[in-house]
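Remarks on the structure that follows.
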Amino acid sequence: MPHSQRASLSKSFYHQPTIDLAQALLGCILVKETTEGVTSGVIVETEAYLGATDRAAHGFKNRRTKRTEIMFGEPGHAYTHLMHTHCLINVVSGEINQPESVLIRALEPYEGIDLMLKRRPVNKLQNLTSGPGKLTKAMGIDMNDYGHSFLYPPLFITEGNKKPPHIATGTRIGIDNSGEAKDYPLRFWVAGNKFVSR
DNA sequence: TCCGGGATTGTCT
DNA sequence: GACAATCCCGGAC
């Protein structure tokens with residue numbers, strides 16, 4: 001059975017602490033269904049953003065705006081936002097009124113690779129979804145997905161097949177202007193995987 | 001209304 | 001390694 005037909009992860013999965021969730025998501029499958037077809041990929045890289053106390057997070061000091069609103073709600077929803085010309089996707093975590101999230105930074109392509117290549121032509125498969133802006137374009141994820149629940153199609157997450165991966169840890173990418181927060185070890189990836197962003 | 005900046009990527013040197 | 005592309009968001013005025 002293709003992963004796109006498997007059941008999504010349960011609601012309780014998203015209620016674990018943000019750092020635990022960031023690691024638990026590694027090896028799971030992100031699926032997006034559109035009229036063009038189904039695409040999916042194994043999550044191989046994530047970053048945790050700890051909300052009120054994390055200067056690098058959009059929810060720092062509980063800053064609540066139209067953009068960050070979804071993070072103050074229930075975990076398990078999609079927080080999409082624009083960065084330069086790209087759309088980035090996060091999994092909302094933390095309980096109500098805790099603006100925390102997990103950024104999905106890289107995928108290993110799984111289903112619908114032809115469709116992903118059509119949306120985002122690249123020479124090497126390794127470049128297809130190995131970055132937060134790359135994977136959203138390849139899968140057709142955009143601001144229309146803001147606030148969508150990962151429990152249901154057309155955008156959802158299923159359990160992976162493989163055993164729990166070996167997880168490597170490091171500092172987050174692209175937040176050099178965030179004071180001491182730039183040194184927090186909140187980036188997680190599948191050790192040795194070719195599709196990690198860097 | 002204006003202005004500065006950003007959780008990126010691709011291209012050029 | 002450096003830098004431009006490109007555009008929405010949020011704060012200031």
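These figures come from a predicted structure and were not determined experimentally. Every chain is numbered from 1, with letters handed out A, B, ... down the list of sequences.
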Beyond-backbone contact of A:Ile96 with A:Phe72, side-chain heavy atoms, under 4.5 angstrom: no

Close side-chain approach of A:Leu151 and A:Tyr14, heavy atoms under 4.5 Å: yes

Counterpart base for B:dA7, defined by Watson-Crick or G-U wobble contacts under 3.5 Å: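 Across any shown strand, B:dA7 pairs with none.
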
Strand partner of C:dT6, provided both Watson-Crick or wobble distances fall under 3.5 Å: none

Can you tell me how far [atom2] of [N] sits from [atom1] of [X], to the nearest Å?
{"X": "A:Arg55", "N": "B:dG5", "atom1": "CZ", "atom2": "C1'", "value": "14 Å"}
{"X": "A:Leu82", "N": "B:dG5", "atom1": "CG", "atom2": "C1'", "value": "14 Å"}
{"X": "A:Leu50", "N": "B:dA7", "atom1": "CG", "atom2": "P", "value": "15 Å"}
{"X": "A:His58", "N": "C:dC8", "atom1": "NE2", "atom2": "P", "value": "16 Å"}
{"X": "A:Ile141", "N": "B:dA7", "atom1": "CD1", "atom2": "C1'", "value": "16 Å"}
{"X": "A:Phe188", "N": "B:dA7", "atom1": "CZ", "atom2": "C1'", "value": "15 Å"}
{"X": "A:Trp189", "N": "B:dA7", "atom1": "CH2", "atom2": "P", "value": "19 Å"}
{"X": "A:Lys182", "N": "B:dG6", "atom1": "NZ", "atom2": "C1'", "value": "18 Å"}

Test applied, salt bridge (Lys or Arg N to Asp or Glu O under 4.0 Å); reference residue, A:Glu45; option that passes from A:Lys134, A:Arg187, A:Lys194: A:Arg187

Compare side-chain N and O positions of [X] against OP1 and OP2 of [N] and report whether any pair is under 4.0 Å apart.
{"X": "A:Arg67", "N": "C:dG10", "result": "yes"}
{"X": "A:Arg63", "N": "C:dG11", "result": "yes"}
{"X": "A:Thr65", "N": "C:dG10", "result": "yes"}

Sugar-phosphate, base or nothing in reach of A:Asn177, heavy atoms under 4.0 Å: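 Sugar-phosphate only.
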
Sugar-phosphate, base or nothing in reach of A:Leu103, heavy atoms under 4.0 Å: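 Base, at least one base atom sits under 4.0 Å.
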
Is any NZ, NE, NH1 or NH2 atom of the basic residue among [X] and [Y] found under 4.0 Å from an Asp or Glu carboxylate oxygen of the other?
{"X": "A:Lys118", "Y": "A:Glu36", "answer": "yes"}
{"X": "A:Lys137", "Y": "A:Asp142", "answer": "no"}
{"X": "A:Arg6", "Y": "A:Glu159", "answer": "no"}
{"X": "A:Arg172", "Y": "A:Asp54", "answer": "yes"}

Measure all distances between protein nitrogen or oxygen atoms and nitrogen or oxygen atoms of nucleotides 9-13 of chain B, and list the pairs falling under 3.5 Å.
| unit_1 | atom_1 | unit_2 | atom_2 | d |
| --- | --- | --- | --- | --- |
| B:dT9 | OP1 | A:Pro132 | N | 3.1 |
| B:dT9 | OP1 | A:Gly133 | N | 2.9 |
| B:dT9 | OP1 | A:Lys134 | N | 3.3 |
| B:dT9 | O4' | A:His86 | NE2 | 3.3 |
| B:dG10 | OP1 | A:Arg120 | NH2 | 2.1 |
| B:dG10 | OP2 | A:Arg120 | NH2 | 3.4 |

ring centroid sep under 5.5 Å plus plane angle under 30, A:His81 with B:dA7: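 Stacking is absent between B:dA7 and A:His81, given that the ring centres and planes do not meet under 5.5 Å and under 30°.
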
